[in-house]
There are 2 protein chains.
Amino acid sequence: MSFDDQLPPKTRLLRAAAELLANSDGSPVSTRQITKLAGVTAPTLYHHFGDKEGLFDAVVAAGFEEYVAGERDFAPSGEPLEDVRRMWDNHVRFGLTQPHLYLVMFGNIRPESRPAIVADAESLLEEMLSKAAIAGQINVPPREAARSILAANVGVTLMLIAEPLEDRNLELSTMTRDSMIFAVSTETARGAAADDSGKSSVVVAAIALNAALQASHSDQLSSSELKLFLEWLHRISSSS
Amino acid sequence: MSFDDQLPPKTRLLRAAAELLANSDGSPVSTRQITKLAGVTAPTLYHHFGDKEGLFDAVVAAGFEEYVAGERDFAPSGEPLEDVRRMWDNHVRFGLTQPHLYLVMFGNIRPESRPAIVADAESLLEEMLSKAAIAGQINVPPREAARSILAANVGVTLMLIAEPLEDRNLELSTMTRDSMIFAVSTETARGAAADDSGKSSVVVAAIALNAALQASHSDQLSSSELKLFLEWLHRISSSS
DNA sequence: CACTTCATATAGCGTTGCTATAGGTGCTAG
DNA sequence: CTAGCACCTATAGCAACGCTATATGAAGTG
C-alpha cells in the first residue's frame with residue numbers, strides 16, 4: 001500500500017497527499033496518514049513543505065495546473081461567450097469530480113486572505129471576456145464581468161458540492177451561467193416587455209395562460225389532458 | 001474576563017462561543033477556549049450540545065435569527081423584485097459585518113452535507129420570488145430562481161469576505177445582483193434567437209399561475225384535481 | 001428519608017500539527 | 001583517502017485538540 005521507494009520523498013509526499021485528499025470523504029486528512037502512506041516520517045514533510053498547509057498548497061498548485069489545462073484545452077471557438085460558457089462548465093466539472101481538492105482551493109476562504117488561485121482563475125476568465133469585449137459583445141468591463149461571473153461560478157459549484165449526489169441538479173449551473181452571461185452581453189434585446197399588465201392574480205394569470213396555450217399549440221400535454229386542463233382553467237378564472 | 005455567573009451554563013457557552021467566533025481572526029476556536037471563557041468544564045459543553053459542531057450550530061441558529069430578522073425587517077415594498085434586491089444586499093451586509101459567523105454558516109461546506117441554513121435562506125428567497133411570479137415578473141420557477149440567486153449571492157459574499165478590506169468593492173455585489181435579477185425577470189425580452197415568444201408567454205403564465213395557486217389555497221379544485229393540475233403546470237413551465 | 005434525575009467536575013484517552021535533536025548520506029577540498 | 005560540509009531523514013516527544021468514562025453534587029418526588 002506504500003509508494004514506490006525509488007521516487008524522492010518529496011514526490012511521494014505530494015502523491016500521497018493528493019491521493020488521500022481525493023479519496024477522503026470530507027473528513028480532514030492528517031499528516032500522519034500522509035507520511036505513513038508516503039513511507040516517510042514527519043520531519044521530512046516539514047523540511048520540504050514548511051507545514052501542512054504548504055504541502056496542500058503544493059498539491060493545489062498541481063491541481064490548478066490541471067484546472068488551467070482544462071480551461072485552455074478547447075481551442076477558442078471564435079465565439080468568446082461560448083468559450084466562457086465552456087470555462088464555466090469546466091470549472092463546475094472540476095469542482096464536482098475533485099470536490100475535496102476544490103474545497104481546499106476555493107472553499108477554504110479566510111477573511112482578508114484572498115487565495116492566489118482566485119486571482120488566477122479570474123484573469124483566465126478576464127482574458128476570454130476581453131475578446132468578447134473587443135467583439136463588442138459585452139456591456140461591462142471585462143475585469144468586472146470576470147469577477148462577477150467567477151463569484152457566481154464558485155457559489156454554484158460550492159452549492160452543488162454541498163448537495164447530496166442523488167439530487168444534484170446541474171440545471172442550477174446552466175441556468176445561473178446563462179443568466180450571468182445573458183446579463184453582461186449586448187445581444188439582449190432590452191425593453192419590449194411582453195405583458196406588464198401588473199396586478200396579476202390567479203384569475204389574470206389563468207386567463208393569460210389560457211390564451212397563450214390556445215395560441216401556441218404547446219405539445220407538453222396530450223389533447224385530452226389539455227381539454228381537462230382548460231376546463232379547470234376556466235373554472236378557476238371564472239370564479240371570484 | 002469571564003461571564004456573569006448568574007446566567008445558566010448553556011447560555012454562557014453560547015455567548016462565549018459567539019464572542020470568540022466573532023473575534024477570532026479566522027483561526028479555529030477551540031472548545032477549551034470556549035469552556036474557559038464560559039467558566040465551565042468540558043463535559044458541560046457536551047452535555048448540552050453533543051459536540052463542538054452542535055454548539056456551533058446553536059450559535060449559527062442564533063445568527064440566523066438575526067439574519068432572518070434582517071431579511072424580514074423591511075416592509076414589503078409592493079415591488080417584489082425590489083425586495084429581492086434588498087434581501088440580497090442584506091445577505092451581503094450580514095456576511096461582511098459578521099464574516100466569521102457567516103463562514104461557519106455558509107463557508108464550511110462539506111461534500112454531500114448540505115447545511116440546513118442554506119435551505120432556510122433559499123425558501124426565504126423563494127417566498128419573495130413567488131410574489132414576483134404571481135405578478136408575472138419572472139420567467140423561471142421561483143424555486144429554481146431562488147437557488148440560482150442564492151448561489152450567486154453566497155459566491156459574491158465569500159469573495160468579498162476573502163478580499164482585503166481596503167479594496168473591497170461592493171460594485172461586485174450590486175452588479176452580480178442586478179445581473180441575476182435582470183436575467184430571471186420578464187421585463188426584458190430575452191434573446192430573440194433562442195425564443196419563441198408565444199411559447200415563452202405560456203411559460204411565464206404557467207409559472208405565475210403555479211405560484212398563485214400555491215399561495216392562495218384556491219378551493220375551486222379538489223385536492224386530487226389540484227395535484228394533477230399542478231403536475232401539468234410543472235410539466236409546462238419546466239419545458240422550453 | 002430514600003430515590004431518581006439532571007447537571008457539573010475530575011481526570012485522562014487517543015489523535016492532531018509540529019519540532020528539538022541527532023544521525024546518516026553524498027559531495028567537494030585538501 | 002579523508003576531512004569537512006551541506007543536505008536530508010529518523011527518533012522521540014511536546015502542547016493542544018476533541019471528546020468521554022466515571023464520579024459527585026444538587027434538585028425534585030414518592
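Just so it is clear: chains get the letters A, B, ... in the order the sequence lines come, proteins before strands, and each one is counted from 1. Just so it is clear, the model here is predicted, and its values are computed rather than measured.
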Take the protein atom NZ of K52(B) and the nucleotide atom P of dT15(C), then report the distance between them rounded to whole Å.
19 Å

If you look at every strand shown and take non-hydrogen atoms under 4.0 Å, does S30(A) touch a base, only sugar-phosphate, or nothing?
sugar-phosphate

L45(A) CG to dG17(C) P: how many Å, rounded?
9 Å

Given DNA chain C, 5'-ward residue of the pair K10(B) and A42(B), judged by closest heavy atom
K10(B)

Picking from dC18(C), dA9(C), dG18(D), the nucleotide nearest the side-chain atoms of R32(A) would be dC18(C)

Taking atom P of dT9(D) as reference, at what distance in whole Å does atom CG of L13(A) sit?
9 Å

Does H47(B) put a side-chain nitrogen or oxygen below 4.0 Å from OP1 or OP2 of dT8(C)?
no

Is a salt bridge present between R143(B) and E126(B), judged by a nitrogen-to-oxygen distance below 4.0 Å?
yes

Before we go on, tell me: are the rings of F182(A) and F182(B) under 6.0 Å apart, centre to centre?
yes

N/O (side chain, T31(A)) to phosphate O (OP1/OP2, dT16(C)) under 4.0 Å
no

Any side-chain N or O of H48(B) less than 4.0 Å from the OP1 or OP2 oxygen of dT8(C)?
yes

Looking only at dG18(D), dC14(D), dA9(C), the nucleotide nearest the P43(B) side chain is dA9(C)

More than 12 heavy atoms of other groups within 6.0 Å of E171(B) CD:
no

For a quick test of reading the model: is some side-chain N or O of Y46(B) closer than 4.0 Å to OP1 or OP2 of dT20(D)?
no

Looking only at side-chain atoms of T41(B), point me to the closest of dT8(C), dC19(D), dT16(C).
dT8(C)

Ion pair R86(B)/D89(B), N-O distance below 4.0 Å:
no

